[in-house]
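Inspection log for the structure reproduced underneath, given as structure tokens.
Start at 1 with the first residue, then count along the sequence.
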Amino acid sequence: MTVSVVLYTSDLRVHDHPPLRAAVEGAQEVVPLFVRDLAVDRAGFAVPNRLAFLADCLADLDRGLRDRGGRLVVREGDTVSEVRALVRQTDADEVHMAAGVTAFARTREARLREALEEDGCRLYVHDGVVTVVPPGDVLPHGRDHFAVFTPYRKRWSAEPLRTALPAPGALRVPSGARSERIPRRSTVAGVSPGLAVGGESEGRKLLGSWLADQVDTYEERHDDLAGDVTSRLSPHLHFGTVSATEAVHRARRRGGAGADAFVRQVCWRDFHHQVLAARPEAAHTDYRPRQDRWRRGAEAEEDLAAWREGRTGYPVVDAAMRQLAHEGWMHNRGRLITASFLAKTLYIDWREGARHFLSLLVDGDVANNQLNWQWVAGTGTDTRPQRVLNPVRQARRYDPDGSYVRRWVPELAALDGPAVHEPWRLTGSVRASFDYPDPVVELSEGLTRFRQARGTA
């Protein structure tokens with residue numbers, strides 16, 4: 001019997017899975033493997049919301065494999081050690097896995113390749129599994145990546161897509177491939193109460209229903225905070241329960257302005273992956289340094305705490321931060337508003353915000369989280385690095401009747417219409433009746449401080 005191992009990482013699905021397809025076609029028996037790597041815990045990335053969603057994903061992946069005669073093998077420990085032990089146990093000839101872009105993923109791949117070569121086992125790393133266009137496939141002349149989105153999108157849009165692959169009809173797992181128990185969401189403590197359900201079945205259902213019912217309004221309403229017509233697919237793209245390539249194929253077949261706008265967002269995801277692949281240090285250092293002297297000390301810590309807790313005195317900022325705490329997810333427009341408020345209005349290091357987001361976001365992806373934060377902070381790829389989003393203007397534009405704020409900041413629910421966005425304008429006993437803080441900073445003060453710090457005042 002020839003045996004292949006499929007090492008699952010951030011690609012937890014059976015549909016459109018090139019490593020799984022290659023293993024099934026090239027071997028008589030296949031071992032689908034997921035390793036719960038303890039190095040992820042030590043790095044601080046194993047947070048409750050993602051662990052709970054991961055548990056859903058692994059259980060659903062196991063069901064999908066069992067429907068085809070297989071099963072998922074789960075191990076815990078060092079990925080390289082666990083893969084090597086399984087290869088020796090099953091006498092496997094090949095290991096297949098998806099390519100990653102982070103420094104951790106690349107180091108893991110290099111270690112795994114070296115270890116398997118010693119055992120006479122070949123490692124196949126497949127591109128275009130996590131992203132639509134693999135990082136490095138489209139390049140500007142004389143550079144190793146695109147630093148500006150618009151020219152990248154033009155080249156990305158012209159790239160031919162590989163065909164989306166159906167799930168395998170059947171697979172056979174060696175009987176001796178031992179597995180630990182698949183984790184359960186119910187065993188994870190500290191999960192956000194409104195966290196979405198994970199898994200390929202849920203992701204495919206969500207993609208299908210959104211494309212059928214809501215995508216047509218996406219172009220005109222994707223920034224509508226209360227309307228929330230976004231796809232909510234980001235957790236599924238992060239865990240790979242939905243294929244980005246298949247999603248683009250299906251959106252393009254649907255057609256229209258909404259589908260085009262959705263594909264543009266998927267392109268942004270690929271853009272950030274190709275930046276991080278070329279500049280892995282951008283996960284923690286400024287892509288374009290601005291000589292910032294970020295605020296520190298007791299007052300800055302108090303402002304940071306107010307931001308985290310959704311008590312800044314700016315209702316739209318606080319609403320978005322409370323949505324994050326409750327759902328482990330935040331509307332994209334909310335992410336822009338809250339990030340700009342922290343990094344520019346409060347002038348607090350973007351890394352503090354990125355760290356807090358990663359502690360809660362179920363879609364907490366290093367490439368997209370860190371590089372979006374840098375984009376907003378003006379240290380990344382934004383072509384207008386000095387722009388500052390005014391939260392009141394943003395609220396009036398994207399939550400005009402205040403419905404989003406009233407949902408997440410219930411202490412202001414009695415305020416009608418757009419008045420909810422500026423409670424500090426209330427006077428006397430009316431103002432005193434609302435248990436809601438005054439703004440932590442005047443917007444004009446924050447803007448002046450930021451411009452002076454950046455030398456643009």
Should Glu76 and Val74 count as side-chain neighbours, where that means a heavy-atom distance under 4.5 Å?
-> no
Quick one: sort the Phe450 and Tyr347 rings into parallel, tilted or perpendicular, breaks at 30° and 60°.
-> perpendicular
Any chance the rings of Phe262 and Trp210 have centres within less than 6.0 Å?
-> yes
Is the backbone of Val317 close enough, under 3.5 Å, to the side chain of Thr338 for a donor and an acceptor to pair up by distance?
-> no
Are the side chain of Arg335 and the backbone N or O of Trp329 linked by a donor-acceptor pair below 3.5 Å?
-> no
Does His331 have its ring centroid less than 6.0 Å away from the ring centroid of Tyr404?
-> no
Any ion pair linking Glu109 and Arg106 (charged N to carboxylate O, less than 4.0 Å)?
-> no
List for me each residue that meets ring pair (Phe, Tyr, Trp, His ring centres under 6.0 Å) alongside Tyr314, sequence neighbours excluded, and say none if there are none.
-> Phe341, Trp424
Short N-O contact, Arg387 and Asp382, less than 4.0 angstrom | yes
Determine, for Arg290 against Asp286, whether the closest basic-nitrogen to carboxylate-oxygen distance falls under 4.0 angstrom.
-> no
Return yes if some donor-acceptor pair links the side-chain N/O of Gln386 with the main-chain N/O of Thr456 below 3.5 Å, else return no.
-> no
Could you list the donor-acceptor pairs under 3.5 angstrom formed between side-chain atoms of residues 266-283 and any protein atom two or more places apart in sequence or on another chain?
{"residue": "Arg269", "atom": "NH1", "partner": "Val130", "partner atom": "O", "Å": "2.8"}
{"residue": "Arg269", "atom": "NH2", "partner": "Val130", "partner atom": "O", "Å": "3.4"}
{"residue": "Arg269", "atom": "NH2", "partner": "Leu237", "partner atom": "O", "Å": "3.0"}
{"residue": "Asp270", "atom": "OD1", "partner": "Val132", "partner atom": "N", "Å": "3.3"}
{"residue": "Asp270", "atom": "OD2", "partner": "Val132", "partner atom": "N", "Å": "3.1"}
{"residue": "Asp270", "atom": "OD2", "partner": "Val133", "partner atom": "N", "Å": "2.8"}
{"residue": "Asp270", "atom": "OD2", "partner": "Trp156", "partner atom": "NE1", "Å": "2.8"}
{"residue": "His272", "atom": "ND1", "partner": "Asn368", "partner atom": "OD1", "Å": "3.4"}
{"residue": "His273", "atom": "ND1", "partner": "Arg269", "partner atom": "O", "Å": "2.9"}
{"residue": "Gln274", "atom": "OE1", "partner": "Phe146", "partner atom": "N", "Å": "3.0"}
{"residue": "Gln274", "atom": "NE2", "partner": "Phe146", "partner atom": "O", "Å": "2.8"}
{"residue": "Gln274", "atom": "NE2", "partner": "Phe271", "partner atom": "O", "Å": "3.1"}
{"residue": "Arg279", "atom": "NH1", "partner": "Asp144", "partner atom": "OD2", "Å": "2.8"}

Evaluate the ring planes of Tyr152 and Phe149, with Trp represented by its six-membered ring, and classify them as parallel (under 30°), tilted (30 to 60°) or perpendicular (over 60°).
-> tilted
Hey, are the side chains of Val73 and Phe34 touching, using non-hydrogen atoms and a 4.5 Å cut-off?
-> no
Polar contact flag, side-chain donor to acceptor under 3.5 angstrom, Gln394-Arg333 | yes
Looking at Glu327 and Arg407, does any basic side-chain N land under 4.0 Å from a carboxylate oxygen?
-> yes
Side chains of Pro391 and Leu443: closer than 4.5 Å at any heavy-atom pair?
-> yes
Check: His15 main-chain N/O paired with Arg13 side-chain donor or acceptor under 3.5 Å = yes
Does Asp438 come within less than 4.0 Å of Arg431, counting only side-chain N to carboxylate O?
-> yes
With the threshold set at 4.0 Å, does a side-chain nitrogen-carboxylate oxygen contact exist between Asp37 and Arg108?
-> no
Salt bridge check: are Asp363 and Arg50 linked by an N-O gap of less than 4.0 Å?
-> no
Any side-chain heavy atom of Asp41 sitting closer than 4.5 Å to one from Arg36?
-> yes
Salt-bridge contact Arg155-Glu159 (side-chain N to carboxylate O under 4.0 Å) | no
State which residues pass side chain to side chain donor-acceptor pair (under 3.5 Å) with Ser201; sequence neighbours excluded, sorted by chain then number.
-> Asp60
Pair Arg308 + Glu352, salt bridge at N-O below 4.0 Å | yes
With sequence neighbours excluded, what pairs up with Asp16 under the side chain to side chain donor-acceptor pair (under 3.5 Å) test?
-> Arg162, Ser243
Using 4.0 Å as the upper bound for N to carboxylate O, is an ion pair formed by Asp78 and Arg111?
-> yes
Side-chain heavy-atom pair Val229, Asp224 within 4.5 angstrom cut-off = no
Go through the structure and list residues passing side chain to side chain donor-acceptor pair (under 3.5 Å) with Trp373, not counting sequence neighbours.
-> none
Can you tell if the side chain of Asp216 reaches within under 4.5 Å of the side chain of Arg254, non-hydrogen atoms only?
-> yes
Any ring pair (Phe, Tyr, Trp, His ring centres under 6.0 Å) pairs touching residues 222-249, not counting sequence neighbours?
-> Phe53-His236, Phe53-Phe239, Tyr218-His222
Taking 4.0 angstrom as the limit, do Arg204 and Glu246 come out as a salt bridge?
-> yes
